[in-house]
Amino acid sequence: MGASSPLPRPPRRPRRPRRPRLRGAAIALALACAVLGCTPTRARTTTPRTPEATATPREPAATAPTTIIERTWMLRGAKVMTATGIVYDAADVLVRGDRIVAVGPGLDVPAGTDVIDARGRTITPGIIDTHSHLGVYAAPSFAAHSDGNEMVTPVTPQVRAEDAYWPQDPQIDRARAGGVTTMQILPGSGNLIGGRSVTVKTYPGARGIDEARMADAPAGLKMACGENPKRYYADKGGPATRMGNVAGYRTAFLKAREYQLSWDRYREKLAAHRARAEQPPPRSSGDAAKQPPDAAGEPKDPPDPPARDLGLETLAGVLRGEILVHNHCYRADEMLGMLALAREFGFTIRSFHHAVEAYKIAPELAAAGTAASVWADWWGFKAEAFDGIRENAAMIAAAGARAIIHSDSGVGMQHLNQEASKALWAGRRAGLDIADDEALRWITANPAWALGIDAKVGTLAKDKQADLVVWDGDPFSVYTKAVQVYIEGELVFDREHPLPGGGTDFELGYEATDEVRGGGR
Amino acid sequence: MSRARSRTTMMILGALAVWLGTAAAIAAPPASAPRGSTAAVRPATAPRPATAPRPATAPTSVRRSDRLPFDRDGAPVWLTGAELRSDGRRTADAVIELRGTRIATVGGPELRAKIPAGARTIDLTGKIVTPGIVAVDTGIGLVEIDAEGSTRDDAPSVPDPVRAAFDASSAIHDDSALLDVNAIEGITSAAVTPQGGLVSGQVAWIDLVGAPSLVSRPQVAMRAHLGQSVAGSRAAALLELRELFDDVAFHRRNKGAYDRNQSRHLSAHRLDLEALVPVIDGRMPLVLSADGVADLRAAIALAKTGLRVVVIGGAQAWRLADELAAAKITVFVQPSNNLPGGLDDLGARIDNAAKLATAGVEVGLAVLGDAHNARNVTQEAGLAVSYGLDPDRALAAITSVPARAYGMDAHYGKVAPGQVANLVVWGGDPFELSQRPEQVWIRGNAIAMRSRQSALRDRYLPRVRR
């Protein structure tokens, strides 16, 4: 089957119970089987649907009992770009359930495997975007949809993007059609400390954050340098300068350290109290009813815990290394300053975002182990973006640091492969030797690392989640499109046989969107 | 309006008479411009009449009447062997003769015999040559840093909704960093456009590199905005536009009364009204932003009154493709803009350009609202092709279509005899992401392929080499 023929699809695996089942899934399965002549697959496990899922009012059909089947299927004969350093001109990807079982040329086909001829296609890992505001700055850009910046005070670590994420944002459909399977949803950059991020998958049909969230992905903390906070707060009590910005971060982390200490002290006291409680009561020489204080003067009651503070809880999570810092920062001098500040407080910055001048400090980024999420070519819209160059990502990579191409845009997000391509070719023209696989890592493996999910996604390798994009050509060509997108082994986008029931609630019922629902355009 | 048009015939002839006169006259704004604004905001960058360059002999292919302020003759340069893509055609092993600032001769390999012995020739075998790319509706030359008001001259926040006399050519910054950054990626000319309000002002046609001035022709079009550009109301915007055009015609008929302070109240300043005369006469294109069907219908209605309407945006234009084609409205779209950012953009789609072209609409492509990356219009063209637009039409959509829409097609948009010698030499498919121009020619000169960005790159590159 050549590249021009429609790509058949594997039989659909029933969706995970925690997400609603799309209408027409059965039809899709029947269609695919008609194309493939597939044999019945084996049900490995049988689980009744949870009441929560069966109760969805949108899906009367889903009330029928169903089973979770771990299907085994294979995309065979495609060019496979693994983002592990290996590119196969022709190889197979074997998937069971939600995991990749094997990747390589001429794989054995286990009995009962549905095989899809993918010759002429190219398979990559699902694209991962470290910087998105989808769902918190949703389309249409109604005032009512402006949920990204809690700009009431410049330090708001207590807020969480997940509490505002609107899964009906039509931009999510478009991103998925562009091959994006995972994205970090960040608060905006109006605040010095903007709040917690959440990493989600671009599952269709999610109704709430728990149906979109990527399981076990660590939270991030959004911080912002430079112009945005000082511009917004200049006449609202500050910060009005970069001096004020840095004082703001430092003040916040000093408080967090104090908070941590107060809890450490509390835990020590509590431990001491418990230790005493386990000891036999001291022999009383006088009044047996009155227990004296111990040598340290501790009261007999357990110590009172300090008051919980949601924001400081988050910052303490950063200091403990559990929450990853994503720092909007353009200029080289400010990034170096933030690296120093992070060292001072004993945390690390996982990734600078936008990092327009990262190429000026690429060796320092490599030494610090901090990734740089950058655009391919945005520049000049602000003074701090004036020194942007097309070679930024390539120069970061050449210095041995982790380069990432991010979008910060519902448009750019649909073409991250193209953005990576522009950055790749700019580097090559500058004489830097960059392999295709390295540029692919800028939108897969490296963002996975930045988000702390690289053990699960970002490359095509055994036991990784089966997040795949099947392209109709070289993913670095302007003419190439994603033809199929899989998340955890499940087909979530199909350009050649649009999935029934696609599209967001918002776009339903408008004549203008009738033809474009489903994100295929 | 037709009566108004006939009454201005004499004015047009008068304007043409001046236009056709001398190079010195051409260097000044055309006579159809408001007289007051000519004196007040004469382009600082325009050559003084006395020092306007006068070539010893005009290029044979350029009529004296078509001369632009920078025109000069020069020794012939022959470009040979490339595949020429221009004006919907592809010519293998092309021969292109440049003379001075213009293209003199264009043909196939049969022309090789005409190359004089000893003439300067450049072998471009294996290369592709296209016309220079035109950035449409751009702030190149007006905007250095979007967020820094002190670096902006596109006047987006002037409170007055009507600034028709605002002349972009008077504010072009000849040393902007955006010029080289875009030029070395193939953008050779730009329709430089003021922004904001209901009527933003007059568009200047510039080349991105050149002396004595970048301005090739001032006042090539009028920029206006439909949508909610007045008092947050679509209806208010249309009402104000109608009143404005009515007052333009009224003022022209009653100039004497106005000067004697005996006129009724007019909705705009005298200079603004005068600047709009060529628009209501259908001589100057009226470039309108319009995305939703309601605004597109308004644009079509304006076109039916005889105005030369050009649409920018066109998110829902595919829904009115047949009507737009019938009204002969050129529509500039940005294919990647496929998000329902507002109700006017519901149904925005990446294959908009292809659908419009199929219906017979003249489609142009542009990067809208991002002068810094006007260069990415080749990627937009690639996307349009990827979603169904014919590749040659896509090339026309960034070269000859803009030239026609802004009335500059006698000089720009094609590689053809008599055209300004703006062309781009590519090593491969111009729309492909791997490709950047190998050489750009502007006004007959091979430009230095350097920019502020390449200088930054070269300063820091040695630090990152492993």
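Naming: A, B, ... by sequence-line order, numbering from 1 per chain. We use all heavy atoms of the structure for the numbers below, so side chains are in, but hydrogens, waters and symmetry mates are not.
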Trainee: Taking the side chain as every heavy atom from C-beta outward, state whether A:Trp378 and B:Asn376 have any pair of such atoms under 4.5 Å apart.
Mentor: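 Not touching, per the 4.5 Å side-chain cut-off.
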Trainee: Give, for atom CD of B:Glu185 and atom CG of A:Asp377, the distance between the pair rounded to the nearest 0.5 Å.
Mentor: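 Output value for this atom pair is 8.0 Å.
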Trainee: Could you tell me if the side chain of B:Tyr460 sits less than 4.5 Å from the side chain of A:Asn392, heavy atoms only?
Mentor: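 A:Asn392 vs B:Tyr460: side chains apart.
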Trainee: In terms of heavy-atom proximity below 4.5 Å to chain A, should B:Arg463 be classed as side chain, backbone, both, or neither?
Mentor: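 B:Arg463 touches chain A through backbone and side-chain heavy atoms alike.
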Trainee: Going by atom types only, do B:Asp429 and A:Tyr479 share a side-chain donor-acceptor pair under 3.5 Å?
Mentor: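 The answer is yes; a qualifying pair exists.
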Trainee: Taking side chain as everything from C-beta outward and backbone as N, CA, C, O, which of these in A:Phe476 sits under 4.5 Å from a heavy atom of chain B? Side chain, backbone, both or neither.
Mentor: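 The answer is the backbone of A:Phe476.
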Trainee: Find out whether B:Ile350 and A:His415 are in side-chain contact, i.e. whether some heavy atom of one side chain is under 4.5 Å from a heavy atom of the other.
Mentor: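 Of all side-chain heavy-atom pairs linking A:His415 with B:Ile350, at least one is under 4.5 Å.
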Trainee: To check you understand the geometry: which heavy-atom pair defines the closest contact between A:Tyr359 and B:Val464, and what is its length?
Mentor: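 Closest pair (atom of A:Tyr359, atom of B:Val464, distance): O-CG1, 4.0 Å.
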Trainee: Would a distance-only check, ignoring hydrogens and angles, find a side-chain to backbone donor-acceptor pair under 3.5 Å from A:Arg429 to B:Ser434?
Mentor: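 Judged by distance alone, yes, a pair lies under 3.5 Å.
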Trainee: Identify which of A:Gln418, A:Arg428, A:Gln171 forms the greatest number of heavy-atom pairs closer than 4.5 Å to chain B.
Mentor: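 Counting heavy-atom pairs under 4.5 Å, the top option is A:Gln418.
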Trainee: Side chains of A:Trp425 and B:Arg436: does their closest heavy-atom pair fall under 4.5 Å?
Mentor: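 A:Trp425 does not reach B:Arg436 side chain to side chain.
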Trainee: If we ignore hydrogens and angles and just use 3.5 Å, is the side chain of B:Glu432 paired with the main-chain N or O of A:Ser477 as donor and acceptor?
Mentor: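 No.
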Trainee: Can you tell me how far apart CG (B:Leu433) and CG (A:Leu424) are? Round to the nearest 0.5 Å.
Mentor: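 The CG atom of B:Leu433 sits 10.0 Å away from the CG atom of A:Leu424.
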Trainee: Going by heavy atoms in the side chains, are B:Ile145 and A:Phe386 under 4.5 Å from each other?
Mentor: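 In contact.
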Trainee: How about B:Arg450: does its CZ atom have over 12 heavy atoms from other parts shown lying under 6.0 Å from it?
Mentor: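 Counting neighbours around CZ of B:Arg450, 12 or fewer heavy atoms of other residues, nucleotides or ligands fall under 6.0 Å, so no.
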Trainee: For A:His145, is it the side chain, the backbone, both or neither that has a heavy atom under 4.5 Å from a heavy atom of chain B?
Mentor: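 For A:His145, neither part sits under 4.5 Å from chain B.
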Trainee: Indicate the atoms forming the closest heavy-atom contact of B:Arg465 with A:Ala430, along with that distance.
Mentor: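 In this case the closest contact between B:Arg465 and A:Ala430 is NH2-O, 3.6 Å.
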Trainee: Go through the atoms of B:Glu148 and report whether side chain, backbone, both or neither lie under 4.5 Å from a heavy atom of chain A.
Mentor: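 Looking at B:Glu148, just its side chain touches chain A.
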Trainee: Heavy-atom distance under 4.5 Å between the side chains of B:Asn338 and A:Arg174, does that happen here?
Mentor: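 Of all side-chain heavy-atom pairs linking A:Arg174 with B:Asn338, at least one is under 4.5 Å.
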Trainee: Measure A:Glu357 against the heavy atoms of chain B and call it side chain, backbone, both or neither at under 4.5 Å.
Mentor: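 No part of it gets close to chain B.
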Trainee: Is any side-chain heavy atom of B:Arg457 closer than 4.5 Å to a side-chain heavy atom of A:Met395?
Mentor: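 B:Arg457 vs A:Met395: side chains touch.
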Trainee: Below 4.5 Å, heavy-atom pairs only: which of B:Arg452, B:Arg459, B:Glu144 has the largest tally toward chain A?
Mentor: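 Among B:Arg452, B:Arg459, B:Glu144, the one with the most close pairs to chain A is B:Arg452.
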Trainee: Roughly how far, to the nearest 0.5 Å, is NZ of A:Lys481 from CG of B:Leu383?
Mentor: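 Going from the CG atom of B:Leu383 to the NZ atom of A:Lys481 covers 9.5 Å.
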Trainee: How many angstroms lie between CG in B:Asn373 and CH2 in A:Trp379, if you round to the nearest 0.5 Å?
Mentor: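 Here the rounded value is 8.0 Å.
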Trainee: Any idea which heavy atoms bring A:Lys382 and B:Ala147 closest together, and the distance?
Mentor: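 Taking every non-hydrogen atom into account, CG-CB, 4.0 Å.
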Trainee: Could you give the distance from CG (B:Leu339) to OG (A:Ser141), rounded to the nearest 0.5 Å?
Mentor: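 The distance works out to 10.0 Å.
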Trainee: Go through the atoms of A:Ile361 and report whether side chain, backbone, both or neither lie under 4.5 Å from a heavy atom of chain B.
Mentor: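 Contact with chain B involves the backbone of A:Ile361 alone.
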Trainee: Can you confirm whether A:Val478 sits close enough to B:Val385 that some side-chain heavy atom of one is under 4.5 Å from a side-chain heavy atom of the other?
Mentor: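 No, every pair of side-chain atoms sits at 4.5 Å or beyond.
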Trainee: Give me the atom names and distance for the closest heavy-atom approach of A:Thr513 to B:Gly347.
Mentor: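 Of all heavy-atom pairs spanning A:Thr513 and B:Gly347, the closest is CG2-N, 3.6 Å.
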Trainee: Between atom CG of B:Leu456 and atom CD of A:Glu391, what is the distance when rounded to the nearest 0.5 Å?
Mentor: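 Rounded to the nearest 0.5 Å, the CG-CD separation comes out at 10.0 Å.
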Trainee: With only heavy atoms counted, which part of B:Gln316 is less than 4.5 Å from chain A, the side chain, the backbone, both or neither?
Mentor: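 For B:Gln316, the contact with chain A is made by the side chain alone.
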Trainee: With a 4.5 angstrom heavy-atom cut-off, is it the side chain or the backbone of B:Glu380 that approaches chain A, or both, or neither?
Mentor: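 For B:Glu380, neither part sits under 4.5 Å from chain A.
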Trainee: Which of the residues B:Ser454, B:Gly341, B:Ala381 is involved in the greatest number of heavy-atom pairs with chain A at under 4.5 angstrom?
Mentor: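 Top count of heavy-atom pairs under 4.5 Å with chain A: B:Gly341.
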Trainee: Non-hydrogen atoms of chain A under 4.5 Å away: do they reach the side chain of B:Val181, the backbone, both or neither?
Mentor: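 Side chain only.
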Trainee: Quick one: which of A:Gly431, A:Ala362, A:Gly410 has the most heavy-atom pairs under 4.5 Å with chain B, could you say?
Mentor: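 Most pairs with chain B among the choices: A:Gly410.
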